[in-house]
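Just so you know, ligand 1 is whichever comes first in the structure, and atom 1 is the first atom listed for that ligand. All values reported here derive from a predicted model rather than from experimental measurement.
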Amino acid sequence: MPVVSMKEILDRALAERYGVAAFNIVNDLSIEAVLAAAVEERAPVILQTSVKTVKQYGRAQLKGIFDTLVGGVDVPVTLHLDHCPDRTVISDCLAGGWNSVLFDAHELDVADNLKQTAEVVAEARRTGAHVEGEIEGIQGVEDDLGSDEASKIQSLEVAVDFISRTGVDCFAPAIGNAHGQYKQAPTLNAQRVSDLVEATGVPMALHGGTGLSDEQFTDLIARGCAKVNISTALKESFLKSSLEQLRAAQEKDKWDPPSLFRAQREAVFAMARQHIRLFGGSGKAW
Ligand code: 13P
């Protein structure tokens, strides 16, 4: 049974201090390539979908593709909805069998965010699903959501109170991280991760994974970032391999779609395997 709960995947990773790579897949090919990398590495893996991807496919069709491709996989996999401010989409994905959701209500004031996140947690529990919460925006626009402005950072007390009163299973703190490629190496508030984990025992989600250094990943995972999000690196490996392949096709005037798919698959597979290894997930499947 490859599909397991988000909480099980993350609680094990937190206890053993390794990171589970959470890739924002964009289509069937990228789902298959990421799953193949996880199988090769014997690693648990999280597949996450942006709201944009859910809307593009339609929830039922996307879940159908996931179910088909995960069918022959024998490592733990969980399906997560990434940043979603829309309660309708949250409810739809929970009803449709997603294992977890990030209810992204950071634009609300903390009291309203807390109230609504607690409602989402109660709703998720009814389908055996889990919830990631956040109270600060992660800088950078991704799949049409978010902002390039840095968000207001809440105090440790406010964050701890939010985590304990909502009952979220995972929390996404803003620590100087950002979605997309970093224009310059970020200075991260790693201590905030340690403080939050020590105060709550809840695993943290590291957003904005693309472009962090190996040392930053290793340090943050050791402090309790059990979920490590990678989106931009997947998009880049997918599209840059496509560009290379299409340029070669144009040069030869030979247009063979399976060659393109092979190049895309190889690039996404290699990108996923590299991150899984770096985060310490290899060999952690159960
Ligand atoms: P990157 O696009 O920087 O890898 O961030 C991914 C992410 O945090 C998805 O929520």
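- A distance-only check finds no donor-acceptor pair linking the side chain of Glu8 to the backbone of Ser5 [under 3.5 Å].
- In terms of modelled atom types and a separation under 3.5 Å, the side chain of Asn177 and the main chain of Ile175 share a donor-acceptor contact.
- Contact analysis puts Gly209 in contact with ligand 1, with a non-hydrogen atom separation below 4.0 angstrom.
- Nearest protein heavy-atom neighbour of atom 8 (O) of ligand 1: Gly208 N, 2.8 Å.
- Taking both residues in full, the closest heavy atoms of Leu234 and Ile25 are given as CD1-CA, 4.4 Å, listed atom of the first, atom of the second, then distance.
- Within the listing of ligand 1, atoms 8 (O), 10 (O) sit less than 4.0 angstrom from a heavy atom of His207.
- Salt bridge annotation for Glu119-Lys115: present, with a cationic side-chain nitrogen under 4.0 angstrom from a carboxylate oxygen.
- Looking from atom 3 (O) of ligand 1 to the surrounding protein, the closest heavy atom is Gly180 N, 3.1 Å.
- In this structure, Ala272 and Ala37 approach most closely via the heavy-atom pair CB-CB, 3.7 Å.
- The shortest heavy-atom contact between Pro76 and Val4 is CB-CG2, 3.8 Å.
- For atom 1 (P) of ligand 1, the nearest non-hydrogen atom from the set Leu206, Thr210, Leu212 belongs to Thr210.
- Interface of Ile230 with ligand 1, defined as ligand atoms under 4.0 Å from a residue heavy atom, comprises 4 (O).
- Residue Asn229 has at least one nitrogen or oxygen atom sitting less than 3.5 Å from a nitrogen or oxygen atom of ligand 1, judged on distance alone.
- Although no hydrogens or angles enter the test, the distance criterion places no donor-acceptor pair under 3.5 Å between the side chain of Asn229 and the main chain of Gly209.
- Under 4.0 angstrom from ligand 1, the non-hydrogen atoms of Thr232 come from both its backbone and its side chain.
- From the protein, the heavy atom lying nearest to atom 10 (O) of ligand 1 is Asp82 OD2, 2.6 Å.
- At least one heavy atom of Ala178 lies less than 4.0 angstrom from ligand 1.
- Within the 4.0 Å heavy-atom criterion, the part of Asn24 lying near ligand 1 is the side chain and not the backbone.
- Those atoms of ligand 1 that come under 4.0 Å of a heavy atom in His83, given as number and element, are 10 (O).
- Arg42 and Asp74 are joined by a salt bridge, as a carboxylate oxygen and a charged side-chain nitrogen come within less than 4.0 angstrom of each other.
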